[in-house]
Amino acid sequence: MTTVGKVGTETSPTQPLVPRDDRVQGQVWNMIRFEQVSKVYDRRSRPALHDVTVEFERGEFVFLVGASGSGKSTFIRLMLREERASSGTVYVVGRNVARLPSWRVPKLRRGIGVVFQDFRLLPNKTVYANVAFAMQVLGKGRAQIRQTVPEVLETVGLEGKEKRMPHELSGGEQQRVAIARAIVNRPEILLADEPTGNLDPETSLGIMAVLDKINQNGTTVVMATHDDDIVNQMRRRVVELHAGGIVRDETGGGYRTEVQA
Amino acid sequence: MRFAFVLGETFSGIRRNLSMVISVVLVTFISLTFVGAAGLLQQQITQMKGYWYDRVEVAIFLCTDTSTTTSCAAGPVTDSQRQAVQDLLESPTAAPYVKSFDYESQDQALEIFQEQFKNSAMAGTVTADQLPESFRVALVDPEQYEVVNELFSSMPGVEIVSDQRELLEQIFSLMNMASVIAVSVAVVMLVCAVLLIATTIRLSAFSRRRETGIMRLVGASKTMIQLPFLLEGVIAALAGALLASATTWAVAEFFIGDWLTGQYPGTGFIGGGDALILVPLLLLVAVLLAALSSILTLRRYLKV
């Protein structure tokens with residue numbers, strides 16, 4: 001009697017979000033892949049993204065840099081399917097997000113945690129309740145929530161502050177709550193849109209340490225920022241956008257060289 | 001767990017939006033009460049039709065001294081004329097239409113008159129010779145009145161052939177009109193209710209946009225995000241429908257069933273039991289309208 005067949009069908013942590021047949025045939029799929037993506041909001045103005053082709057691998061830590069209006073936010077919105085590309089294709093975990101039926105979009109978003117500059121916490125809920133909320137709305141059981149939330153709060157360095165209200169916390173602490181909420185459902189990807197934009201440099205470093213730790217645990221992290229200091233200190237892959245196009249794609253610290261287009 | 005969470009969200013939404021929810025309850029209550037009233041009127045009409053149509057007759061009034069119609073110019077009815085009418089009633093010509101008939105003399109007519117108007121001063125002043133004698137004819141099919149009218153109205157000694165059903169029809173058409181008015185008011189009020197539910201849901205969705213924004217972000221399903229709002233509208237409308245049902249029942253039980261029946265013992269009135277049939281209908285209307293307007297509003301204002 002063999003158990004090999006059974007083991008093969010079991011869900012493993014590395015199992016993709018989508019069934020195998022949905023993936024691009026005959027190629028090793030990336031975590032995130034943009035193929036000649038353009039996004040036009042308004043026909044008269046210049047496109048928000050223009051012919052962008054880029055790939056992010058599983059477990060990568062990528063900085064998305066560029067001035068305001070360079071297309072960073074559009075980049076993130078396309079991955080979440082808040083927007084659809086005007087042309088080209090966006091793949092997340094090997095799946096063409098534009099082709100997802102609308103009822104599958106929540107499932108896509110369950111695989112992606114998001115953090116914003118303005119934290120977006122619920123002001124009338126405690127730290128614990130804010131993080132638990134993300135599990136409750138996915139229908140997770142009470143026992144699982146009671147076990148997971150404290151673990152995640154420890155990961156972001158908020159142990160002992162479960163009962164605080166958001167307004168009693170510093171900006172850095174609030175952002176840690178937001179990060180805890182983003183990762184409590186164990187997404188494979190964490191998108192951070194200017195997560196340190198409202199924080200002083202020292203607090204920002206704390207946040208970066210948390211993001212780095214999450215990345216070490218295997219989560220792909222994509223962070224949009226225009227904070228030079230942080231980018232220089234972290235020495236990770238940097239993708240620079242300017243006027244909707246990629247003008248630089250550098251791998252700091254020598255992880256990898258150029259990404260093939 | 002999951003259902004408890006949705007219900008919790010629903011009630012927290014109702015608490016935050018209490019004044020709007022109460023207005024939805026009241027508007028639904030009033031509009032469905034009008035629907036209920038129309039339903040009661042229709043039930044009453046059906047009830048009375050069943051009760052009276054078995055009892056109404058066609059009356060063939062014969063001429064008296066005081067008759068003024070041209071057919072009675074020759075004076076009061078003679079014995080041979082009366083016999084001719086009776087013969088025709090018994091003949092094969094009339095047989096397909098006539099179920100049975102009775103002769104009512106002037107004295108009998110006076111008795112009935114005095115019984116009907118015993119509380120009125122008129123009863124004392126009327127004498128038997130002022131009232132016409134008549135044949136009371138029950139028809140096989142009450143709709144065939146015109147045939148009987150043709151047969152008898154031109155006979156000598158016959159003053160007039162009258163269909164009592166016509167009187168009833170007038171009452172019924174009056175009641176029908178009342179129920180049409182009730183339904184029209186109900187429709188206007190229901191439109192108000194639908195718009196109010198839509199506005200309420202919109203406000204509720206707006207006041208909880210932070211929560212729903214986070215729900216979307218972490219990948220909550222459409223059901224999980226929208227169901228609390230849908231339930232909010234449905235619960236408010238259901239509360240209104242329950243109030244309307246209670247009111248409709250109370251009207252049927254106490255006003256119609258007790259008071260009116262006491263006032264007019266001879267008439268068949270409906271009671272509280274008949275109103276209970278309307279309750280599921282009112283609840284269904286409330287749920288459908290609330291669900292429909294909520295869904296349309298959410299589709300527009302709460303993107304997932």
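The shown structure was predicted, so the numbers you read here are calculated from the model rather than taken from an experiment. Proteins get letters first, then strands, A, B, ... in listed order; numbering begins at 1 in each.
- Pairing each heavy atom of B:F5 with each of A:Q136, the nearest pair is CE1-OE1, 3.2 Å.
- Within the 4.5 angstrom heavy-atom criterion, only side-chain atoms of A:N124, from C-beta onward, approach chain B.
- Nearest heavy atom pair, residue A:R110 against residue B:V218, reads CG-O, 3.3 Å.
- Environment of CZ in B:F34: sparse, with no more than 12 heavy atoms of neighbouring residues, nucleotides or ligands closer than 6.0 Å.
- Counting non-hydrogen atoms of other residues, nucleotides and ligands closer than 6.0 Å to CZ of B:R16 gives a total above 12.
- Among the candidates A:P187, A:A182, A:P123, the residue making the largest number of heavy-atom pairs closer than 4.5 Å to chain B is A:P123.
- A pairwise comparison of heavy atoms in B:A220 and A:P106 identifies O-CB, 3.5 Å as the closest pair.
- Smallest separation of non-hydrogen atoms from A:L121 and B:R210: O-NH1, 3.9 Å.
- Heavy atoms of other residues, nucleotides or ligands lying less than 6.0 angstrom from CZ of B:F206 number 12 at most.
- Scanning both residues, B:L217 and A:E82, for their nearest heavy atoms gives CD1-OE2, 4.3 Å.
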